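First comes the structure, then the notes that go with it.
Please read all numbers here as calculations on a predicted model, not as lab measurements. So that the names make sense, note that chain A is the first sequence line, chain B the second, and so on, each numbered from 1.
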Amino acid sequence: MTDPQHVLSQRVQAALGAALGDDFADADPVIRPSQFADFQCNAPLALAKRVGRKPREVATEIVNCLDIGDMCREVEVSGPGFINLTLRDDWIAAQARQLLDDPRLGVPEQERQNIPIDYSAPNVAKEMHVGHLRTTVVGDTLARTLEFLGHNVIRQNHIGDWGTPFGMLIEHLLDVGEDSAEAELLKSDPNAFYQAARAKFDAAEEAAQAGGPGPVSDFAARSRARVVALQRGDPATLRLWRELVDFSKVYFNKVYAKLGVTLTDADLAGESSYNDMLGAVCDELEAKGIAQVSDGALCVFLDEFTGREGRPVPLIIRKSDGGYGYGTTDLATLKYRVEELKADRIIYVVGAPQNLHLRMVYASAREAGWLPDHVVPTHVQIGNVLGEDGKILRTRSGRSLRLMALLDEAIERAAAVVAETRPDLDAATRDEIAQDVGIGAVKYADLSVAHDSEYVFDFDRMLALNGNTGPYQQYAVARIRSIFRKGGISPEDATGDINIGHSTERTLALTLLGFGPTVAQVGDELEPHRLCSYLFDLAQAFTSFYEHCPVLRAEEEQVRDSRLALTAATLRTLVQGLELLGVRAPQQM
RNA sequence: GCACUCGUAGCUCAACGGAUAGAGCAUCUGACUACGGAUCAGAAGGUUGGGGGUUCGAAUCCUCCCGAGUGCGCCA
């Protein structure tokens, strides 16, 4: 048991029962870190009214019943009725030392849940751009964290692999030839392929309107026919469609490999995979009287959703031409996740603009009985990434930024720094460091701000070695590893007792104990930036300790062993924390 | 018009209803024969967009205004 907040909460709870009676024995008082002491409890303030007495009196009474001498050196009532708690150094030291034997670093066991997480979701035959960065990176961190907490995470990469654009894409693929260089673009620069198809389609539309049939306008007609063939399940069309998807998979996997995320082909669950359910979804909604035909389209109208001029906003589940849109797919997906994946909790890591749509999907599914009350869908809203001008990040020409290009630039910039600072290393090692630092910087920058807030993308800031950045954390890890390298000691062998002598040792040890609660909180609230804040605190606590407390050069052997153990615990915690963020910590940098 | 997300130091961002709103950049002061100075110690910097309200206590909750972004029927 290494989580002081949890232990203190239990102690205070016992005292509450003793002081105020059995009615309060299950009050579960909240303990928070505080600037006035190590921890603070405000339960007396919350309970004072209930017992009709003054908060300070209540607090004093609780303190009198508190049996806590083994872990606290000071307990006092202060302010309007807070209980301030200051831990004993030897207790902190002992708990910090326990982390070294604990494979989970003090992270509490959770009740195991089935949790599908919907994230990344790029489109076939389209470029991944900055918008995909956050949904991919945030989703991946949540997946890693919930898995670490013991849950059964089911990664769901809901790729856009179905719908009207595929008619023109397939026709274009046929036109250029499946083995052509143009088709190869799908694996490296899919936008070029998509744009070509799009341009051809638009030109064909124009030609068709202007002068009737011809070889150009023919393309639009062929594309439309191809969509129908695709939805009908025509084998030849399906084969071509699959080829498009396969080409795109190669591209996705390139990006994922570069980015270092845990998604694999096994996690692909694109829109097409729900195709067979769409008809039944519509039929059932119609039969239950939830959906009605309006202007030729089958729609679900719900009272709580109104749009312009107070008119109800529909969730269109079957278009007037008989086709299905993403509303239908999303309903089928939700149904599948509840019924087949046995979801206890469903997480959508999706852009903030989709909020209304998702809420309508949830509401419709609840209405239909596909989403039981105990299953809670959560939309982790992803905010936009902005450029220096405060507008959505784009290239100078106004196009959205290619994710691949952005990652390459980050690596290049990191490489330039490494080349300057570490000319002693060989090229291969420098290259590896540049990869880890460049990618780590981008991912960390993305994760360290609240997922729903927009943030300004700035290479210089994210690659800085100071501040709440990836490289700062990586540097802290590199220095720790350097200590062990220089001392000829393996971190696993640093298992001595921890004794606290210096104030920076105390701060470091106490901060270490915060890892478990922080990870649990990230799992509950789905906010990775809290883990970043924590790791930044930890890295700062370590560098401060590192400045003030020599480890290898400590004069007494006992002090040296203690500091080595503290350093080893820090290393493990930082590396584990960064791993949950999907940020690699190089051996040196 | 309605809905969602926001408005915090010069800049970029934090703050789970709790005391004196915190970091980092930038600025200024200190500390280098360094277990890796890509650092550390410190200073300065705020009427939390504005007005009301809820309560022991509000950046946080409610309400009204001002401002920004996004979304509101056949793209996904």
Round to the nearest Å and state the distance from A/Arg311 atom CZ to B/rC72 atom P. 14 Å
Look at the side-chain N and O atoms of A/Tyr472 and state whether any lies under 4.0 Å from the OP1 or OP2 oxygen of B/rC25. no
Let's see if you can work this out: which of B/rG73, B/rC35, B/rG69 has an atom nearest to the side-chain heavy atoms of A/Glu454? B/rG69
When both distances are under 3.5 Å in a Watson-Crick or G-U wobble arrangement, the nucleotide paired with B/rC32 is none
Please report, rounded to the nearest Å, how far the P atom of B/rG73 is from the OH atom of A/Tyr324. 22 Å
Any-strand Watson-Crick or G-U partner of B/rC25, both distances under 3.5 Å: B/rG10
If you take the centroid of each ring, where Trp contributes its six-membered ring, are A/His357 and A/Tyr326 closer together than 6.0 Å? yes
Quickly work out the A/His451 NE2 to B/rC16 P distance and round it to whole Å. 14 Å
Contacts of A/Glu74 that satisfy salt bridge (charged side-chain N to carboxylate O under 4.0 Å, His left out) - sequence neighbours left out: none
Between B/rC16, B/rA76, B/rG73, which one does the side chain of A/Tyr326 approach most closely? B/rA76
Shortest side-chain distance from A/Arg530, nucleotide among B/rC16, B/rG37, B/rC56: B/rC16
B/rG73 OP1/OP2 closer than 4.0 Å to side-chain N/O of A/Lys319: no
Pair A/Glu304 + A/Arg359: basic N to acidic O under 4.0 Å: no
Does B/rC35 have OP1 or OP2 under 4.0 Å away from a side-chain N or O of A/Arg553? yes
Would you tell me if any nitrogen or oxygen in the side chain of A/Ser482 comes within less than 4.0 Å of OP1 or OP2 on B/rC35? no
Quick one: do A/Glu527 and A/Arg530 make a salt bridge, cutoff under 4.0 Å? yes
Just to be sure I understand the rule, does A/Tyr455 reach a base, reach only the sugar-phosphate, or reach nothing, if contact means heavy atoms closer than 4.0 Å? sugar-phosphate
In this structure, CZ of A/Arg563 is separated from CD1 of A/Ile483 (nearest 0.5 Å) by 11.0 Å
Indicate yes or no: does A/Arg224 engage A/Asp321 in a salt bridge with an N to O separation below 4.0 Å. no
Calculate the interatomic distance between A/Ile316 atom CD1 and B/rC72 atom P; express it in whole Å. 11 Å
B/rU27 versus B/rA44 - spacing of their C1' atoms, nearest Å: 9 Å
Base, sugar-phosphate or nothing for A/Ser544? Non-hydrogen atoms, less than 4.0 Å. sugar-phosphate
From B/rG73, B/rA41, B/rU55, pick the nucleotide closest to the side chain of A/Pro314? B/rG73
Given atom CG of A/Asp28 and atom P of B/rC16, what is their separation to the nearest angstrom? 18 Å
For B/rU60 versus B/rU8, give the span between their P atoms, rounded off to a whole number of Å. 14 Å
Who pairs with B/rC61 - Watson-Crick or G-U, where each distance is under 3.5 Å: B/rG53
Test for a donor-acceptor pair under 3.5 Å between the base of B/rA38 and the side chain of A/Thr421, counting only N and O atoms. yes
For a quick check of understanding: with a heavy-atom distance under 4.0 Å over all strands, which category does A/His357 fall into, base, sugar-phosphate or nothing? nothing
Heavy atoms under 4.0 Å, any strand shown: does A/Phe536 hit a base, just sugar-phosphate, or nothing? sugar-phosphate
Across the strands shown, which category fits A/Thr543 at heavy-atom distances under 4.0 angstrom: base, sugar-phosphate, nothing? sugar-phosphate
Within the 4.0 Å heavy-atom criterion, would you say A/Asn84 contacts the bases, only the backbone, or no part of the nucleic acid? base
With rounding to the closest Å, how many angstrom separate the C1' atoms on B/rA23 and B/rC32? 26 Å
P spacing across the pair B/rA58 / B/rC16, given as an integer number of angstrom: 15 Å
Using the ring centroid of each side chain, check whether A/Phe542 and A/Phe545 are separated by less than 6.0 Å. yes
List, with names and distances, any nitrogen or oxygen atoms from the protein found under 3.5 Å away from nitrogen or oxygen atoms belonging to nucleotides 57-63 of chain B.
none

Need one value for A/Gly325: base, sugar-phosphate or nothing, where a base atom within 4.0 Å counts as base even if backbone is also close, heavy atoms only. sugar-phosphate
Does the side chain of A/Asp426 pick up a donor-acceptor pair with the side chain of A/Thr429 at under 3.5 Å? yes
Heavy-atom closest pair, residues A/Ile317 and A/Thr328: O-OG1, 2.6 Å
Closest nucleotide among B/rG73, B/rG36, B/rG18 to the A/Ala478 side chain: B/rG36
C1' atom, B/rG24 versus B/rG45: distance in rounded Å? 14 Å
Which whole number of Å gives the distance between the C1' atom of B/rC61 and that of B/rA38? 44 Å
Answer for the Watson-Crick or wobble partner of B/rA15, both distances under 3.5 Å, is none
Could you list all N or O pairs between the protein and nucleotides 3-11 of chain B that sit under 3.5 Å apart?
from, atom 1, to, atom 2, distance (Å)
B/rC6, OP1, A/Asp452, OD2, 2.9

Give A/Glu271 one of three labels, base, sugar-phosphate or nothing, depending on what nucleic acid heavy atoms sit under 4.0 Å from its own. sugar-phosphate
Checking all strands, does A/Phe305 fall into the base, sugar-phosphate, or nothing category for heavy-atom contacts under 4.0 angstrom? nothing
Comparing A/Val417 and A/Gly307 on RNA chain B - which has the more 5′ nearest nucleotide: A/Gly307
Looking only at the side chains, is there a donor atom on one of A/Tyr274 and A/Asp330 sitting less than 3.5 Å from an acceptor on the other? no
Integer angstrom distance from the C1' of B/rA43 to that of B/rC6: 33 Å
Any side-chain N or O of A/Arg308 less than 4.0 Å from the OP1 or OP2 oxygen of B/rG73? yes
For a quick check of understanding: with a heavy-atom distance under 4.0 Å over all strands, which category does A/Pro550 fall into, base, sugar-phosphate or nothing? base
May I ask you to say what A/Gln540 touches in the nucleic acid, namely base, sugar-phosphate or nothing, with a heavy-atom cut-off under 4.0 Å? sugar-phosphate
Base, sugar-phosphate, or nothing for A/Lys54, non-hydrogen atoms under 4.0 angstrom? nothing
Select base, sugar-phosphate, or nothing to describe what A/Arg422 touches, counting heavy atoms under 4.0 Å on all strands. base
Would you call A/Val519 and A/Val107 a side-chain contact if the rule is heavy atoms closer than 4.5 Å? yes
If I pick the P atom on B/rA9 and the same atom on B/rG51, what distance separates them, to the nearest angstrom? 16 Å
Does A/Arg560 make a side-chain N or O approach to OP1 or OP2 of B/rC35 shorter than 4.0 Å? no
Can you find a side chain N or O atom of A/Lys391 that sits less than 4.0 Å from OP1 or OP2 on B/rG69? no
Do NZ/NE/NH1/NH2 and the carboxylate oxygens of A/Arg198 and A/Asp202 come within less than 4.0 Å? yes
Using Watson-Crick or G-U wobble geometry with both distances under 3.5 Å, which nucleotide pairs with B/rU5? B/rA68
Taking any heavy-atom pair under 4.0 Å as a contact, classify A/Cys549: base, sugar-phosphate, or nothing. base
Answer whether the closest heavy-atom distance between the side chains of A/Met168 and A/Tyr194 falls below 4.5 Å. yes
Side chains of A/Gln558 and A/Asp561: does their closest heavy-atom pair fall under 4.5 Å? no
